[in-house]
Structure formats: structure tokens, C-alpha cells
Amino acid sequence: MDRYEPLKIEEKWQKIWEETEAFKVSEIKDKPKMMLAEMFPYPSGAGLHVGHVRNFTIVDVLTRFYMQQGLNVLRPFGYDTFGLPAENYAIKTGTAPQKVTLENIENFRKQAKRLGYAIDWSREINTSSPEYYKWTQWCFLQLYKKGLAYQKESYQWWCPEDKTVLANEQVENGKCWRCGHEVEKKKMKQWFFKITEYADELLDEIDSLEWPEKIKTMQKNWIGRSAGALIEFPVNSRAASGRPVATGGRRLSSCCRTPDSLEFTGNSITVFTTRPDTIKGATFIVLAPEYQGLDFIVTDDCKDAVAKYKADALKKSEVERQENKEKTGVFTGSYAINPATKEKIPIWVADYVLAGYGTGAIMAVPAMDERDREFAEKFDLPIVETELVDRDLYGTPKVTYKMRDWLISRQRYWGCPIPIAYDKEGNPHPIPEDQLPVMIPEVKDYQPDDSGRSALAKAKDWLKVTIDGEEMTRETDTLDGYACSSWYLWRYASPHDKEHAWNEAAIKYWEPVDYYVGGDHAVAHLLYVRFWCKFFADQGYLPFREPIKRLLYNGYINAPDGKKMSKSKGNVIDPLDVINDGYGADTLRTYEMFIGPYDMDAAWDPRSVGGVYRFLNRCYNLLAMQNPDKVDNSIIRNKTIKKVTEDIHKYNFNTAVAALMEYVNELYKVGASEEDLVVLAKLLKPFAPHLASEMLERLGADDEWPKWDEKYLVSDIVTVVVQINGKLRAKLEMSADDLEDEKKVMEAVLSDKKVQKYVENGIKKQIFVKKAKLVNLVV
RNA sequence: GGCCGGAUGGCGGAAUUGGUAUACGCGUUCGACUUAAAAUCGAAUGGAGCAAUCCGUACGGGUUCAAGUCCCGUUCCGGCUACCA
């Protein structure tokens, strides 16, 4: 008898799939389509991780399931290749990121092929290839043309030692990750995408998506819409009517001469509040340290104190702000007039008010708001209990969002260059579309220089560009990697199109994506793709407004000890080791589907891997144990078809595998007919495609998904459960026909000796539940 | 602090949504095969008890003929978020 040798079988089938381009698809008009994708991976040097395997296998199970059902199924693959690790490696070793990236892709591809995924390899994409990022730049230009890509001064983390801007994740405990110097916030000009333009639509359409509630809620909270009002508080000696009131000893004239902004003259302060009805309780005003008109408001006496407070606040790291919630603040010396009470109320500066939200100014109602009360108590400010007034009396209605515009410029080398150049006056100009892509120049040294700009600034020749006959200097910032992944799903439809980012007809056929699977980026990426989709739909480039119909958010796989796998802990399980140890890819795949519900975290259990291997081994052994005529397994066979089909529809992959195990155990006991085995192989194929293909070949069968026949699922004999006072006391066998007649059921129940013992003293109440095949007697 | 999930044998997890708690797998024990081991196959396996029975889904109440499932309260664990006015 031959033995199950997974590595041999897998090599054979992988070769066949490769040579026949088995999963290459194109648009077929009269066939229903299905498109599935995982969140494409960053191909790190470490190669495939067991987490990738779980993610990719979920996609593959669904892919093969729908293929076997006869749909035209596209399952593409790609690589998200821009990013920090490659750049850091380049800084350390001087190796070009381009080179390292291609090596990593090569390795990743090889490993993915060892897992037998039904990928259309002709559609592979790589975000750092010029053929791809040309179109990322094109997308940027479309947003720029419509005013949705813009520049703005904003406060950024800045390392004074390295003289560079740092991303949030590069700040560790308030210190620069490279040199350890304390970082501070610095005002700098940065590029943004105006995602806030779509805030309402992004929020309102969430409910229409077949996404996990968890993710939907996270996105809703992130967008954070709240309805309130803007209320203007006149400052200092001027009341709303212009009537003079007592001043706080401050010379008004000096502040009103130099306004560079109409809104921040210092004549008034506009606050945002969700509770305009509590205005009578507003006993002071609080401004954010970065409040734009602050200089016009502070009196000379208070100037130094406020300046010091502001400087300290900007130095405060995120961590410090989190750890220390003790209220701090300083008085500006000025007063505002509460328009409702006409009272003079002091204006303070405190970092518990955020510059980026609302107007950066609040009216403090310590009687109603916990934070305001804390502040009032600490600084001995008045707390006035108050009755409510009409919401619209003193303000104008205003909706605000927690979501900010998306900061996209990065001072990094290894990213997609922003296709912009500056004239001599420093005005930005888009690079003409026919000059795309703006290639990433080669440099010798990848370390950012003293200018605080990315290493792109070192490519002196590259910097110069002529547009419409005018000499200009290129932008040296690159795009956030999330920009590259905001449109890749559409590139999959026509990955080699040289004329367009995506082909209209192909998009119309394949998309939106039917299933998207991943375990990360709940808000960032998954919000950005939705934003771009709506934008490009508005420009007429996309025929839908939501890019992803269904989202599956899978859990992580942890180390056997339950902790996160990490190199430093030395608890990483390498999926290629599992395969090469002799278990094979089918065992690995099936195990990761069996490990637990797909959306829950799970700990790797090496011994359970063996259990799945034993199961596949038994499947294989059944081939030699055929018992063609003697057995009739119609009941369990049909039951299993139904269970596995329905479980896959519900993404209950773990119980689908369990059902297959039960089926195999039964066949092992009583023997299997050819039909039993064909069905087994077909149902097994999404999980263990190599073994199933081998079985089907030997059985001479195709892989068409089997259907169950309901007639085998209703049996003639049923078991009726008898409870006494809700406790199980007896089980009776009776014919299904008798079950229809309550009288007959009760007769049978009461003639049972065991039951009789319990009902000697009479029955108070009897309940018969036909659906549950259950009788409950209350005695 | 806020929001959202969880808590079921020695372990990972099932349970048609109120109706036989612990499917399937791991582990453990016993048996078969073997000179032996591994592999494989078979049987048993929530706890207590000789037994009839009793107790069991984090804890305390409640609703119901019937609760892992519904309601109220408590504890613990995980995720996200973090002074958003």
C-alpha cells in the first residue's frame, strides 16, 4: 500500500497549475464573476509568516469554493513594497531598496506558490515599480486638480538633533528613535488629502456595507461627527453690541493693528460647543496653546507666562500627555463677554483644548462638563449652576468631525515621489501627466541631510526640471504608503494597462471586490480606499462608490505560549518549516482553518498540527479502502455536503473541517463507496487542494461542488427527549410519522417505565415541542 | 475614563439562536500490532459517588415548563480609543 507523501503530491500539482496557468482568468460576459483579495503583504526579508498563511488561506478557500461552483473567479496578488524597513536597511548597508525589494518579492512569491494558492499570477503588482507608481502619481494629480491635495502649515514632530521630521511611529517615549534626542512640535508646510470633504458620505454609507460591526463602529468613531454650534464671544472691552465694558487693563489698539487673518483679530473668539444650551454656565474661555489668534489676546503682563506655557506644551510628548492628565493652564490677562449673561469671563490657555478640533477654543461650563470643572477647581474659577436656554439662541449650528485631513507628505527616500515642482517664487506646479512617472532617483547615501528633506534632495540633477520652459525644482517629499494601497484593488482588473490606471471595461466587470480579507488597518487603509473610491467615482472614473462589498477581518496567530510571535522572543513559527518538516502545505492550510473561528486570535499548537495531518492521512488511506457496493452512507454524505457548504458560506471554516473529520471517521468505520470518496475530495479541495486534486484524479472525477439531497436528511426514526421538570430523564425512539401526532407521542412517553417512576404523583403540565423533538413534564 | 468584544472539561474550541451542554481536534489512560519503539488501529475520557443519583458553561439574582443562550448587578480578561468640548 502506498503512503501519503504530501511533499511529492504538492510538488506535482503545483507544477501542473504553474504550467497550465490554471488560475488565469479574463472577463467572460455571460458568466457571473467573483473577485477576492487579501490585503496585499509587505514582503519583508523574513518571508511568509503563519499570519499571512491564515489570511491568504481564507481567501483561497473562498476562491476555490466559488471556482468549484462554476463562477468566473479572480484571485490576484500583489506586494506593498514602499516603506520604512527597506529604507532603514538602505541607510544601514547602502544597498538600494529597489534591489532588496525585488529579492524579497522573489522569495515571497516562491513561498506563496508552495502553499498552492489559486492565484492568477499574471496579474502580480508591485507598488514600487515605476509602471505602478506612475499611476499613483496620476491619482495624486487628479486629487490636486480638484483641490483635494493641498499644502498647509501644520505642527509636526521634529528632531532638532537629526534635523528631520518624524512620523508618529518614529517617536518613542517623546524621543527620536534614531538619536534619542527629545523631539518637539514644529510648524511645517505639509501635503494633505482633503478626506474631510467626504466625511459625511464616508459615515453615512458605512451601514450599507457587509463588514464586521466592529470595523464599522471604529470607522464611525474615527470620523466622529458631532452636531453643535459656533458661538462668538466678544473679547475684552467690547461687548457684542459694541458697547464698552470694563477692561482688564489691556491696550486694545495694539492688538487690532496687525491682523493677518480676519478670523483671528483678537476682537472676538469663536468657540465650538455641542451644548449651546448651557451657555449661561460658561464662566471662562479656554484656548489651545496653538490657537492662531493667541498673540492678539494675551496682555503684555501675561506674555512671558503664556509664551513659556506654549513652548512647554509643544515639547510635551504624546506619552507625557497621556500619562499626566493633571490639568495645566495659564491666564491670558484678557476677558471675553458671555453673550448670554453679559458677564466678563477670563480667557485661559490650556493644553486640554486641542487646536485641531472645532475652533481650538471652547467655552468652559464647569457645572456641566467634568473636564471644565476639574480645571475650574484647580484654578479657582467660578462654577455656576445654570438653567438651559434654547440651543439656537446665541450660536449658529455647526457640524464638526474628529477626523482630520490626511497628512501624506513624508520626508523619506523610499516612497512614491510627489509629482510637483516649485517655481522660483516657491509656488507649486503639477508635473504634466505626459512626464510621469517621476522616477525615484538613484543616490549614494540614503540618510536624510541637514535640510530636513528626504535623501531625494541629494540627487542634484534630478531636482531640476523644466515645465513650460520654466526652470523648476522638484518636490522632495514622497507619498505616504497608504496612498499606494488606496487604488491597487482597481489595478488588479487591468494590471498591465499602459494607457490608464485602470481599464474601464475590466473594472466594470470585476469590481467592486466581493471579498476582501485582512487583519489590520481597520480605519486607515480601509477608510482611505473608500475615500478614493468616492472621489474617482465623482470624476467619472469608477462606476461604484464603495470599493469593497464584504470584509473579513481575521484574527492573529500567536505563539504556542499565547504571546505575540516575535524574532526577539524566539517564538516564531515559520510556515515553510512546517511544510518542509513533512506535514506539507495541505496540513498547514487545513490546520490554520481548523484552529478556531477565523476572526478570533489563536495560539499555535504544534500537536494539533499533527492531528490535522492524521486526518488528511486518513483521507488518503480511504482511497485504498474502497468498498464499492456494500455500504450506503447517503445520510452522512448528504449531511456533510450540507454542513460544509453552509459553513463556508458563514465563514465557519473550523466547523466545516470538523464536519469533514466526522465524515472520514464514519467512512473509516463502515467503509466507503466511490461516490463517498468523490464527495469527500470535492469538499476537501478548498482546504487541501493538492491532496484533493490527487484523489479526484485517481477517482477519475471532476471537482464540481456537490449538492445535497434533502430526502436523505429526514430520517424515519427519531429520538424524542423526555424531560421531567426540565431535566433529561429518558430518550425514546419512535417513527417520524408518530411525531406528528402529539397524542401518540404522549402515549409512548407515558408508557416508558422510567418516565412512569417520575410521574407517580401526577403531571401538572406537559409541553411538547415538535421542532426540538422534546417533551417536558412538570410534576 | 469612553466604546466594542469575551469568560464553556486538563487544553483549542462546538452547541440548528431558549430545547439532549462539551461536536471535532489535542492531551491522558487502557488495549491490539511489534523483539522493542515510532507509526497505525480500537476503546474510554467534565467532577463526585459502590450505586440510585447529585453537581456542573466566571460570580450573585431574575424571567421561563425549559437558560451557555434572554434581563439586572458584580468580577476578571482582550481589542480599539484616548481630555474631540
Side-chain angles (χ1 to χ4, degrees), chain A residues 3 212-222 224-226 228 271-276 278 282 286 288 318 321-322 324-327 350-365 368-372 374-375 400-404 522-523 555-556 560 562 590-591 594-597 599-612 614-615 617-618 621 643 646 652 654-665 668-669 719-731 757 763-779:
Chain A
R3 287 179 46 233
E213 284 307 316
K214 186 177 82 174
I215 308 299
K216 293 200 214 177
T217 309
M218 279 166 75
Q219 292 210 351
K220 282 182 197 170
N221 292 342
W222 182 262
R225 176 162 67 192
S226 53
V271 305
F272 173 75
T273 177
T274 52
R275 295 297 306 275
T278 65
V286 189
E318 294 290 333
R321 279 204 181 197
Q322 271 174 37
N324 188 9
K325 286 214 179 135
E326 180 79 10
K327 295 278 180 293
D351 66 0
Y352 84 90
V353 174
L354 307 174
Y357 184 75
T359 60
I362 63 157
M363 63 175 206
V365 186
M368 300 293 288
D369 187 283
E370 213 180 298
R371 295 153 302 182
D372 296 342
E374 233 178 89
F375 193 81
T400 7
Y401 304 88
K402 280 189 201 173
M403 182 169 69
R404 316 287 151 87
V523 281
Y556 291 111
T590 309
Y591 169 65
F594 183 62
I595 196 167
D599 56 352
M600 265 175 51
D601 291 354
W604 187 268
D605 179 1
R607 290 188 297 204
S608 289
V609 179
V612 171
R614 277 192 280 280
F615 159 63
N617 197 21
R618 283 157 76 91
N621 289 342
K643 173 81 175 149
E646 291 181 348
N652 293 336
N654 55 330
T655 51
V657 174
L660 287 169
M661 287 172 166
E662 276 183 81
Y663 181 48
V664 166
N665 289 346
Y668 233 68
K669 257 183 230 159
T719 304
V720 172
V721 172
V722 184
Q723 296 181 337
I724 311 291
N725 292 337
K727 280 184 183 162
L728 173 70
R729 294 300 182 190
K731 289 181 189 179
K757 213 175 72 188
I763 300 168
K764 286 183 192 146
K765 190 172 182 179
Q766 63 186 49
I767 287 110
F768 171 59
V769 188
K770 194 163 76 184
K771 202 185 116 218
K773 289 172 242 162
L774 174 142
V775 171
N776 190 14
L777 303 175
V778 185
V779 296

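The sequence lines fix the lettering, A, B, ..., with proteins before strands; numbering per chain opens at 1. The shown structure was predicted, so the numbers you read here are calculated from the model rather than taken from an experiment. Atoms considered below: every heavy atom in the structure, side chains included; atoms not considered: hydrogens, waters and symmetry mates.
Of the listed nucleotides (B:C55, B:G27, B:G19), B:C55 has the atom at the smallest distance from the side chain of A:Lys727. Considering only side-chain atoms of A:Phe272, the nucleotide from B:G27, B:C54, B:A85 that sits closest is B:A85. Here the nucleotide nearest the side chain of A:Leu354, chosen from B:C83, B:C65, B:C26, is B:C83. You'll find that the side chain of A:Arg618 is closest to B:G42, out of B:G42, B:U17, B:A85. Candidate nucleotides B:C83, B:U20, B:C24 were compared by shortest atom distance to the side chain of A:Met661, and B:C24 ranks first. Considering only the side chain of A:Asn221, B:C3 comes nearest among B:C83, B:G25, B:C3. In the set B:C26, B:A85, B:G19, B:C26 carries the atom at the smallest distance from any side-chain atom of A:Arg607. Comparing atom distances between the A:Ser608 side chain and each of B:C54, B:C24, B:G25 picks out B:G25 as nearest.
As a whole-Å value, the separation of A:Tyr591 OH from B:C11 C1' is 11 Å. The interatomic distance linking A:Lys220 (NZ) with B:G2 (P) rounds to 21 Å, in whole Å.
Taking 4.5 Å as the limit, every side-chain heavy atom of A:Lys643 sits out of range of all side-chain heavy atoms of A:Tyr663.
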Any N/O pairs under 3.5 Å between the protein and nucleotides 13-15 of chain B? List them or say none.
from	atom 1	to	atom 2	distance (Å)
B:A14	OP1	A:Asn654	ND2	3.1

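Pairing for B:C59 is with B:G73, a Watson-Crick or G-U wobble pair whose two hydrogen-bonding atom distances lie under 3.5 Å.
Taking atom P on both B:A52 and B:G6, the two are 39 Å apart, rounded to the nearest angstrom.
Residue A:Lys764 places no side-chain atom within donor-acceptor reach of the base of B:C65, judged by atom type and a 3.5 Å distance cut-off alone.
Taking for each of A:Asp369 and A:Lys731 the nucleotide of RNA chain B with the nearest heavy atom, the 5'-most of the two is the partner of A:Lys731.
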